[in-house]
Amino acid sequence: MAAQTQPKKNGLLLQSALLSISLVLTSAYAISATLPAMQKAMPGQSLASLESLATVPTFSVTVMVLLSSWIARKLGAKNTVALGLLLVGVAGIVPAFTTNYPTILVSRILLGAGFGVFNSLAVSLLSVFFSGEKKAQSIGFQSAFQSIGNAAMTFVAGWLLTINWHLSYLVYLIAFPILILFWFFVPQVKSMESTDQTGHKVQQHINLKVIGLALTMLAFICIQAGFNVRIPTIVVDAGYGTATGVSTWLSVTTLMGMLVGFSFGMLHKAIHQYVFMIGAACMALGNLLAAYSSNLWLTGIGTVLVVGIGPTLLGSYAFNRGTEVVEAGSATLATSILLVGCNVGGFCAPYVMSAIEGLVHSSTNVLIVFGLFFLGHDRHLRRRGHAAAQCCPRCASAVTSIWQ
């Protein structure tokens with residue numbers, strides 16, 4: 001039955017407070033530019049160990065995303081978000097005050113734990129307070145807020161780096177005003193679990209549709225992350241651009257992702273499931289443009305499509321759809337499963353790139369493989385859905401769930 005929650009409120013302050021927690025969610029890499037300076041400050045540490053400071057939050061994010069539903073049941077959704085923001089604020093600024101590598105490593109692990117604690121709630125709480133197209137709009141805004149936060153924190157961290165690398169980590173102080181805003185303007189949620197007719201709690205569960213969406217996002221994010229990591233090397237090796245030029249285009253992708261996120265609600269209202277098809281088409285076209293490009297402008301356009309526009313459309317649609325294909329009260333668990341798929345996809349990206357490159361013998365050919373994968377995805381999915389319907393309605397439902 002319906003979850004026991006507050007009456008839905010659509011105030012601007014409520015929406016802003018709910019969306020504000022997404023500003024810090026993708027900021028683990030905001031301090032990547034500090035790594036060369038940290039290497040000079042800690043000459044006893046290898047570059048690989050220092051680079052792990054940027055990636056290690058991913059592991060604790062994944063673990064805590066899986067535990068977040070249980071934590072939310074014990075503490076309540078509002079307290080769980082507050083705990084996560086507090087961890088982000090406290091653990092995030094630790095490197096500003098020390099050069100001890102083990103201490104910094106632990107602080108980065110705790111930072112990821114903070115992100116993971118409320119990552120799924122950043123989406124599922126929108127489903128508690130909003131519904132219908134208002135919910136779809138808010139989930140699109142959530143993607144945009146992640147882009148805004150990542151861009152702003154990266155910029156500020158880079159500016160502070162010109163003074164001292166320690167100061168760059170002070171960007172995580174933003175978690176404290178966000179915590180205050182969230183605490184004062186978001187009501188307590190009585191329960192995010194469903195109940196039966198007698199009022200007893202029904203345990204959250206997922207279905208094949210959520211698993212299908214999670215596996216789809218795993219593949220898509222794996223390709224997006226692999227492209228993101230490899231495109232600077234492709235451009236430099238081809239000799240028609242520099243890493244700085246690629247970095248400029250990557251900055252443009254943040255802006256485009258933000259704009260697409262803000263317009264997702266209108267797009268979803270107008271064309272519904274075709275948003276997903278457009279996102280996949282953007283990924284296909286972007287990979288092929290970059291693969292056959294011989295100038296930075298064409299590669300830049302491809303980068304915007306693959307890193308900015310495509311993933312924003314795909315991710316916003318998948319997370320919105322994920323809250324619709326489960327019973328009331330299971331939205332947090334469904335969102336957690338989707339987030340695990342996204343994080344596993346990002347983690348696997350370098351290995352998938354290397355494996356495919358070993359088969360096709362060049363990074364450019366890998367992009368062609370990626371492009372062909374997206375081109376064939378729509379037709380393949382529809383064909384699988386029709387075939388599955390002949391033998392197993394449940395499988396057909398799972399395969400075609402992302403289009404309905």
Side-chain angles (χ1 to χ4, degrees), residues 1-25 60-92 110-131 134-135 138-139 141-142 145-146 174-206 210 319 322-323 326-340:
M1 307 300 289
Q4 295 177 351
T5 60
Q6 316 294 121
K8 289 181 171 59
K9 301 177 181 180
N10 296 338
L12 181 60
L13 280 175
L14 170 61
Q15 187 181 38
S16 299
L18 287 168
L19 292 172
S20 68
I21 65 178
S22 297
L23 291 171
V24 297
L25 278 180
S60 47
V61 166
T62 303
V63 172
M64 295 309 295
V65 159
L66 292 173
L67 295 175
S68 62
S69 293
W70 178 82
I71 296 173
R73 286 199 300 270
K74 297 296 182 182
L75 301 181
K78 185 172 181 177
N79 292 338
T80 300
V81 173
L83 173 63
L85 288 169
L86 190 62
L87 271 174
V88 170
V90 174
L110 291 175
L111 175 74
F115 293 146
V117 163
F118 68 93
N119 204 326
S120 59
L121 289 170
V123 177
S124 58
L125 278 174
L126 295 173
S127 301
V128 171
F129 292 102
F130 305 104
S131 61
K134 183 68 173 181
K135 184 193 70 172
S138 297
I139 290 177
F141 282 9
Q142 193 264 342
F145 269 60
Q146 287 187 121
I174 188 63
F176 295 113
I178 291 174
L179 172 58
I180 294 171
L181 178 67
F182 179 85
W183 189 259
F184 281 103
F185 293 104
V186 176
Q188 290 283 356
V189 177
K190 294 180 181 178
S191 173
M192 296 195 64
E193 298 178 332
S194 57
T195 58
D196 58 23
Q197 293 180 348
T198 64
H200 291 96
K201 293 179 179 179
V202 178
Q203 187 173 359
Q204 293 191 73
H205 64 276
I206 58 172
V210 174
F319 280 101
T323 64
V326 293
E327 295 179 2
S330 294
T332 300
L333 180 59
T335 301
S336 297
I337 297 301
L338 291 176
L339 287 169
V340 169

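The model shown is predicted, which means the values in this text are computed figures rather than measured ones. Sequence positions, counted from 1, serve as the residue numbers for this chain.
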Mind checking the [atom1]-[atom2] spacing from [X] to [Y]? Nearest 0.5 Å is all I need.
| X | Y | atom1 | atom2 | value |
| --- | --- | --- | --- | --- |
| L67 | K74 | CG | NZ | 12.5 Å |
| L121 | S124 | CG | OG | 4.5 Å |
| L83 | M64 | CG | CE | 7.5 Å |
| L126 | L19 | CG | CG | 5.5 Å |
| L18 | S20 | CG | OG | 7.5 Å |
| T62 | F115 | OG1 | CZ | 13.0 Å |

Quiz prompt | Stepwise side chain to side chain contact (heavy atoms under 4.5 Å, CB included) check, L25 with I21 | solution = CA-CA 7 Å; L25 278 180; I21 65 178; 5.7 Å; no
Can you name the nearest heavy-atom pair linking [X] to [Y], along with the distance?
| X | Y | result |
| --- | --- | --- |
| G92 | L111 | CA-CD1, 3.9 Å |
| F182 | A17 | CD1-O, 3.8 Å |
| F319 | L339 | CZ-CD2, 3.6 Å |

I'd like to check the side-chain hydrogen bond (donor to acceptor under 3.5 Å, both in side chains) partners of [X]; sequence neighbours left out, ordered by chain and number.
| X | value |
| --- | --- |
| K135 | T323 |
| T80 | none |
| Q142 | S22 |

Quiz prompt | Any residue meeting side-chain contact (heavy atoms from CB on, under 4.5 Å) with S68, in chain and number order, not counting sequence neighbours | solution =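 Listed in chain order: S120, S336.
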Practice problem: Not counting sequence neighbours, which residues clear side-chain contact (heavy atoms from CB on, under 4.5 Å) with I174? List them please. | Solution: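 With sequence neighbours excluded, I174 shows a side-chain contact (heavy atoms from CB on, under 4.5 Å) to V24, M153, P177, I178, given in chain and number order.
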Exercise. Would you check, one step at a time, whether the test side chain to side chain contact (heavy atoms under 4.5 Å, CB included) holds for F118 with V65?
Key: CA-CA 8 Å; F118 68 93; V65 159; over 6 Å; no
Quiz prompt | Crowding at CH2, W183 (>12 non-hydrogen neighbours, <6.0 Å) | solution =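 Yes - once you tally the heavy atoms of other residues, nucleotides and ligands closer than 6.0 Å, there are more than 12.
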Practice problem: For V81 and V186, run side chain to side chain contact (heavy atoms under 4.5 Å, CB included): C-alpha distance rounded to whole Å, both residues' side-chain angles, the deciding distance at 0.1 Å, then the answer. | Solution: CA-CA 11 Å; V81 173; V186 176; over 6 Å; no
Quiz item: Step by step, would you call V189 with F129 a side chain to side chain contact (heavy atoms under 4.5 Å, CB included)?
Solution: CA-CA 9 Å; V189 177; F129 292 102; 3.7 Å; yes
Exercise. Quick one: list whatever passes ring-ring contact (aromatic ring centres under 6.0 Å, His included) with F141, sequence neighbours left out.
Key: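 Once residues adjacent in sequence are excluded, the partners of F141 under the ring-ring contact (aromatic ring centres under 6.0 Å, His included) criterion are F262.
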Self-check item: Flag, side chain of K78 to backbone of P187, donor-acceptor distance under 3.5 Å
Solution: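 No, K78 side chain to P187 backbone: no donor-acceptor pair under 3.5 Å.
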